[in-house]
> 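Below is one structure. I have some questions about it.
Lettering follows sequence order; numbering is per chain, from 1. Values reported hereafter were calculated over all heavy atoms of this structure, with side chains retained and with hydrogens, waters and symmetry mates removed.
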Amino acid sequence: MFRLFKSQRLRKSSDFEKFRSKDTRNVYAEIFVLKSFKRVAVGVSFHDLTPRIGIITSRKIGNAVTRNRVRRVVREAFRLNLKCFKQSHDYLFIALLGIGTKSNKEITNAVLNAAKLL
RNA sequence: UGAUUUUGUAAGAAUGUGUUCGUUCAUGUGAAAUAUCAUGGAAGGAAAGUCCGGACUCCCCAUGGCAGGAUUCCGCGUGAAAACGCGGGCAUGGAACCCAUAUGUCCCAUGACGGAACAGUGCAACAGAAAGAUACCGCCAUUUGGUAAGGGUGAAAUGGUGAGGUAAGAGCUCACCGGCGAGUUAGUAAUAAUGUCGCGCAGGGCAAACCCAAUUCGGUGCAAGACGAAAUAGGGAGUUGGGUAGCCAGCCCAAUAACUCCGGGUUCGUCGCACCUCGAAAGAGGAAUUUUGCAAAACUUUGCAAAAUUAGAUAAAUGAACACAUCAUCAUUCGAUGACACAGAAUCCGGCUUACUACAAAAUCAUCCC
RNA sequence: GGAGAGAUGACAGAGUGGCCUAUUGUGCAGCACUGGAAAUGCUGUGUGCUAGCAAUGGCACCGAGGGUUCGAAUCCCUCUCUCUCCG
């Protein structure tokens, strides 16, 4: 049960726009911001109830190699620790400037600690 | 021995093996692959910068002129073109040798290296009398003037030395040196040489200033462009021919219309697009790259055969964890950290430029030893 | 992904190859004016190296590095960064 489907990622601009309009619960860490809100469920199947995540890595945090690494590490943390994230919630991960110097384990632990606070 | 620079090489291939969990594409099975299925593929030399050139796309054709852009020593070769390679010439800089104030020989590096009489315009601050044509001091004459030998300025000042000559001077005249043009010689040419002829030599610099000459370029860039679905309002204002490349011609369409702007709706998908062609498909044929073998030529090329390979995402895949081995750093007992530089395909291909690792060679510099 | 524009003092914005570290406005600091402020007027206003006891000077810097030129903020090339546009 560790697969990551396309339905578990935010893939449309409208999904990201909702984070601006709605009231979100936020966690501000040193190297990233994590936002979440409970979305309106359409159905009752697995793909309608699963938590979803979107990752934003702007050009300011580093070059393309750094940005790819951060995306992969955060996605692995989400995939392997799905229990830490609430059902039918959308999550938005925004990477900040200092994240390029952190190791993979540091980023993973920081993401899981933040998810528990939400 | 070290540093720097240049050139070349590396398919610059996760450090290697194994286990577990995943991502994406193709094919198969299947009613359905977003059912937790099977098999196979999946990041570079620069994927980067977007500086050039193409393929391809649409603009009715892409035809002529103007405007505008690009290129620029000569020869040969490769290439579709940009560009690259080899050789030569010229200029600048450096080292060595020779000679002594010059010049020459040879080697290395760099060069956007056409044209400044035979087209024309422009620029040159400050200083200086004067910067393209001049007389401040000085010299001579003394009525008007003549004079660039001496002075000082500047990045740049009318070729240099000597003699004659003169009122004083001056290529004004002569000798030697230098220069320019023609001829001759050598060379395919750029260009070079010159006991030949001519010119006293009134014109130097900047074309990465305008420009001229020769060659060359239509615009547009895959967010090009084609199709489907959904949504919406036959809305409002303006222009009068419109379309087509900045303008003109030419060409095409139209007067029942066309175009521009404002406002409103949508914010999805498929193709283009993954080596090419043919085919409904199975498959067939061909291309490129790599490896291996054989043969020829002669030292890295050609031919033949066999095998393997050919990335295709779209909030954007190519990854993560653990164990063992190896290597590096720290600690020097246990052990800890890491897998190392630059860096991530976005329609495709060929160059250029920039970033950077290892190895090899050459040059220069420094240090040590003999 | 593609196309285009730009970078000058703390900020904004000018600037024919030479007189240009460079003008103007805003801001900031000081002084004058006022009982006190505002407005107004005057003066000053960056960084680095360097000479000098000091006052006061000299040199370099117009995003960075090269080139052309006697001379570059300006012309040319290569990088860095910022911004705009597209279906």
> Does a salt bridge link R52(A) with D15(A), judged by any charged N lying under 4.0 Å from a carboxylate O?
yes
> Would you please name every residue forming a side-chain hydrogen bond (donor to acceptor under 3.5 Å, both in side chains) with T108(A), sequence neighbours left out?
none
> If I take atom CZ in residue R11(A) and atom C1' in nucleotide rU24(B), what distance separates them, rounded to the nearest angstrom?
11 Å
> Does R71(A) reach a base, just sugar-phosphate, or nothing at all? Heavy atoms under 4.0 Å.
sugar-phosphate
> Dot-bracket for RNA chain C, 5' to 3', counting Watson-Crick or G-U wobble pairs under 3.5 Å, with [ ] for crossing pairs and | for inter-strand pairs?
((((((((.[[[..)..(.....]]]((((((.......))))))((((((....)))))).[[[[[..)....]]]]]))))))).
> Syn or anti for rG45(B), taking syn as within 90° of 0?
syn
> Check the distance between rU34(B)'s P and R52(A)'s CZ and give it to me in whole angstrom.
18 Å
> With a 3.5 Å limit on both atom pairs, tell me what rU290(B) is paired to, counting Watson-Crick and G-U wobble, or say none.
rA307(B)
> Please tell me which of the listed nucleotides, rU34(B), rG22(B), rA316(B), lies nearest to the side chain of R79(A)?
rG22(B)
> Look at R75(A) and rG319(B) and indicate whether a side-chain polar atom (N or O) is within less than 4.0 Å of OP1 or OP2.
no
> List, with names and distances, any nitrogen or oxygen atoms from the protein found under 3.5 Å away from nitrogen or oxygen atoms belonging to nucleotides 341-348 of chain B.
from	atom 1	to	atom 2	distance (Å)
rG344(B)	OP2	A64(A)	N	3.3
rG344(B)	N7	N68(A)	ND2	3.1
rG344(B)	O6	R72(A)	NH1	3.3

> Taking side chain to side chain contact (heavy atoms under 4.5 Å, CB included) as the criterion, tell me which of L10(A), L92(A), V74(A) meets it with I53(A).
V74(A)
> Quick check for you: among rA316(B), rC322(B), rA315(B), whose closest atom lies nearest to any side-chain atom of K105(A)?
rC322(B)
> Of the nucleotides rU34(B), rA315(B), rG22(B), which has the atom closest to the I56(A) side chain?
rA315(B)
